[in-house]
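Presented below is the structure to which this report refers.
Lettering of chains follows the sequences in order, A, B, ..., and the numbering in each one begins at 1.
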Protein chains: 2
Amino acid sequence: MRQDPPPPSPTLEDVARAAGVSRATVSRVVNGVRNVDSAIQEAVRQAITATGYVPNRAARSLVTRRTGSVALVVSGAGDEGAGALGGGGGSGFFPVQVFTDPFFGRVVGGIVGFLRPRGLHPVLMFAETPETRAQVLTALRQGDADGAVLVSTHAEDPLPRLLAEAKLPAVLFARPADPVPISYVDVDHRAGAKLAADHLVARGSKHVVTISGPLDVPASQARLAGFRDAMAAHGHPFVPCAEGGFTYHSGEQAMERLLAEHPGLDGVFVANDLMAQGALLVLRHHGRAVPGDVAVVGFDDSSAATACRPPLTTVRHPVEDMAAEMARLLLEHIEQPGHRPTSIIFDPTLVIRDSS
Amino acid sequence: MRQDPPPPSPTLEDVARAAGVSRATVSRVVNGVRNVDSAIQEAVRQAITATGYVPNRAARSLVTRRTGSVALVVSGAGDEGAGALGGGGGSGFFPVQVFTDPFFGRVVGGIVGFLRPRGLHPVLMFAETPETRAQVLTALRQGDADGAVLVSTHAEDPLPRLLAEAKLPAVLFARPADPVPISYVDVDHRAGAKLAADHLVARGSKHVVTISGPLDVPASQARLAGFRDAMAAHGHPFVPCAEGGFTYHSGEQAMERLLAEHPGLDGVFVANDLMAQGALLVLRHHGRAVPGDVAVVGFDDSSAATACRPPLTTVRHPVEDMAAEMARLLLEHIEQPGHRPTSIIFDPTLVIRDSS
DNA sequence: ATGAAAGCGCTAACAA
DNA sequence: TTGTTAGCGCTTTCAT
């Protein structure tokens with residue numbers, strides 16, 4: 001018993017024949033080019049539904065020199081070398097950690113939200129090693145995608161520069177640590193930190209501390225500096241800080257340290273919600289009521305913020321909007337290859353819940 | 001001032017000329033076909049590096065009728081209709097919730113771990129509505145990908161059937177609720193639940209309850225049934241159950257209910273780690289020591305399991321291995337279009353930590 | 001406004 | 001073992 005060969009899917013030619021016109025005309029209708037008689041247009045449309053025609057991407061791509069898809073690159077995933085994939089098939093290294101961070105889900109949501117109405121689907125790529133970075137560049141060159149939106153998880157990521165040098169259309173989430181002529185979207189971290197400072201002071205906190213993100217990341221620096229500046233403006237020139245790594249556990253550890261060194265603290269600004277979640281748990285362990293004894297403000301307004309007990313007052317990072325803008329900007333760059341690097345900065349807002 | 005037209009990237013023709021051979025020979029070398037004189041092979045390789053040649057995917061695809069990429073489809077994302085994307089650009093609906101679940105990250109990790117060494121990158125697609133499902137099918141038909149690995153988040157997902165009817169190569173994560181002639185990988189849920197039951201009983205729990213997943217999901221049913229059967233075999237024919245929704249919050253709520261109805265409980269099997277995390281918090285609120293007063297066993301061994309206090313004893317769901325197998329199986333289906341639907345079942349293991 | 005025809009870069013018969 | 005050649009399905013001048 002042998003297999004039925006799959007029926008070849010209809011081509012432009014088939015539609016043309018069915019409609020009694022030429023391939024060119026069908027192509028015009030499919031691509032929405034005007035200058036087509038409306039009666040013919042109608043005939044063509046009918047032929048298209050009748051035949052069940054769908055355009056062949058490869059053929060189109062070959063002549064337009066556009067793939068019509070974009071890469072979503074997660075770079076420097078932090079899990080680098082953490083483990084080989086066990087089990088059955090061949091394996092490799094893979095970055096799981098990123099996904100644990102609710103932040104990443106929001107980025108994907110924003111990108112997909114923008115792309116999908118346009119019939120585009122992102123190609124997912126990860127790059128943590130020199131080889132995988134090379135793989136990303138090769139993939140883009142050979143036409144896996146027309147350009148990339150890039151989310152870096154650490155500061156010294158060389159990929160933005162590589163992308164810029166290869167003149168591949170790309171947009172980053174967040175400003176690169178080193179100056180690279182490349183487009184990016186970012187949030188005004190300093191302004192967000194100021195929002196937190198103003199709120200803590202207004203609530204009456206007198207002994208305020210902060211848990212920062214990793215200080216080699218520009219965003220962490222900006223949040224810390226912005227917070228300290230704002231606190232200074234309120235008459236609190238010295239704000240103790242413990243550095244974390246944006247993870248749940250690092251938030252716990254940082255909070256332990258701060259509590260040990262500053263038992264009198266009554267307010268904490270934590271540079272992201274995940275660490276704040278950890279901090280909250282530690283505060284509870286130590287019998288400090290939140291917000292009664294200690295007021296806590298997070299950053300991001302991620303899903304962690306509402307999963308916390310108590311729900312977290314936090315600075316809302318408009319991640320979805322930023323991600324959507326990233327996609328929009330990338331498409332613009334793909335359209336106009338000479339487009340100059342552009343940066344777009346979003347304003348954060350304060351979301352007040354129960355933790356302060 | 002006008003733009004430099006981008007330099008056209010080298011083609012097979014260019015390489016052939018540089019190496020002094022024909023296109024066909026270069027093609028053979030590129031594709032690793034034997035029957036090429038090794039001296040010529042070397043010459044061609046040099047010409048390739050010299051010219052910086054990379055094969056054009058579209059051209060290759062057009063003739064091989066293969067795209068060389070696979071879709072990763074998340075279907076029935078649960079967030080359906082949750083909200084329009086705000087902000088700047090056009091918007092749409094998008095599924096963020098999935099990403100919050102550490103489970104999904106592991107699936108992606110497994111798939112990427114398998115695909116990447118083979119130079120493949122998954123195309124990410126979401127389908128929650130009839131329109132987006134149609135979009136997925138269209139995308140597959142027009143050659144966005146050669147097939148799909150599918151993760152459904154709810155039971156009545158119609159996509160598996162649509163895929164099967166369209167005869168598109170596809171592999172599911174988990175057995176579909178309705179019988180559909182389609183390949184899938186799954187874990188032996190009953191065996192996992194038995195592991196949990198045996199452990200709880202061996203630890204001396206006498207009043208055991210369970211928090212199940214949504215009972216319209218086959219996996220939830222199997223875990224519950226397997227757990228009850230095993231407990232019955234240990235002489236505990238009645239195990240109270242509260243149904244949850246696999247989310248953190250639903251875990252809290254279910255635990256509250258169980259505590260209210262069965263204050264004497266001293267052991268809980270929770271059908272996933274995320275709910276177990278919620279349950280743990282509720283137990284603490286009620287002053288129940290874990291594992292002293294109540295022993296807790298989760299399911300999945302997700303990152304939530306180690307983020308818990310205390311770290312969770314849990315049934316390890318070999319998600320990464322399963323996801324890798326899913327990718328492998330899909331590639332097999334793509335190779336051999338007539339391949340019959342296949343199911344592969346993995347064995348879970350018990351990971352003992354501090355919660356029981 | 002429509003059609004004819006020339007490729008886009010590649011693979012795969014088929015010839016040599 | 002290597003080369004020649006014929007398309008894959010589409011867009012896009014260029015005629016008409």
Next on the checklist: Apply side chain to side chain donor-acceptor pair (under 3.5 Å) to residues A:Ser183 and A:His333 and explain how you reach the verdict.
Outcome noted: CA-CA 9 Å; A:Ser183 289; A:His333 280 58; 2.8 Å; yes

Item to check | Stepwise side chain to side chain donor-acceptor pair (under 3.5 Å) test for A:Asp14 and A:Thr51 | outcome: CA-CA 8 Å; A:Asp14 299 322; A:Thr51 53; over 6 Å; no

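Over its full length, the helix from C:dA1-D:dT16 to C:dA16-D:dT1 turns its helical axis through 30°, comparing axes from the five pairs at each end and rounding to 10°.
Using modelled atom types, one side-chain atom of B:Gln41 and one backbone atom of B:Val36 make a donor-acceptor pair closer than 3.5 Å. The main-chain N or O of B:Ser152 is never found under 3.5 Å from a side-chain atom of B:Asp157 such that the two would form a donor-acceptor pair. Without hydrogens or angle criteria, B:Ser343 side chain to B:Val185 main chain gives no donor-acceptor distance under 3.5 Å. A:Arg57 places a side-chain N or O within 3.5 Å of a backbone atom of A:Thr67 that can act as its donor or acceptor partner.
Taking side-chain N and O atoms only, A:Arg65 has a distance below 4.0 Å to OP1 or OP2 of C:dG9.
Across the protein-nucleic acid pair, B:Leu62 atom CG and C:dG9 atom C1' stand 9 Å apart, rounded to whole Å.
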Considering only nitrogen or oxygen atoms on both sides, find all protein atoms under 3.5 Å from nucleotides 2-4 of chain C and state each distance.
residue, atom, partner, partner atom, Å
C:dT2, OP2, A:Asp37, N, 2.6
C:dG3, OP2, A:Ser22, N, 3.0
C:dG3, OP2, A:Ser22, OG, 3.0
C:dG3, OP2, A:Thr25, OG1, 2.7
C:dG3, N7, A:Arg28, NH1, 3.4
C:dG3, O6, A:Arg28, NH2, 2.6

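When all heavy atoms of B:Val73 and B:Ala127 are compared, the pair lying nearest together is CG1-CB, 4.5 Å.
You'll find the side chain of B:Arg133 reaches within 4.5 Å of the side chain of B:Pro158, heavy atoms only. Put simply, the side chain of A:Leu124 reaches to within 4.5 Å of the side chain of B:Val108, judged on heavy atoms.
A salt bridge does not link B:Glu332 to B:Arg340: none of the charged nitrogens lies less than 4.0 Å from a carboxylate oxygen.
Among pairs with a residue in residues 20-29 of chain A, those fulfilling side chain to side chain donor-acceptor pair (under 3.5 Å) read A:Glu13-A:Arg23, A:Ser22-A:Thr25, A:Ser27-A:Asn31, at least two apart in sequence or across chains.
The footprint of chain B on DNA chain D, defined by a heavy-atom cutoff below 4.0 Å, extends from D:dT1 to D:dG9.
Taking a 4.0 Å limit (strictly below) on heavy-atom distances, residues 9-17 of chain B reaches DNA chain C at B:Thr11, B:Leu12.
A search for side-chain contact (heavy atoms from CB on, under 4.5 Å) contacts involving B:Leu120 returns B:Leu115, B:Arg118, B:Leu331, not counting sequence neighbours.
For B:Arg175, the CZ atom counts as loosely surrounded, since its 6.0 Å shell holds 12 or fewer non-hydrogen atoms of other residues, nucleotides or ligands.
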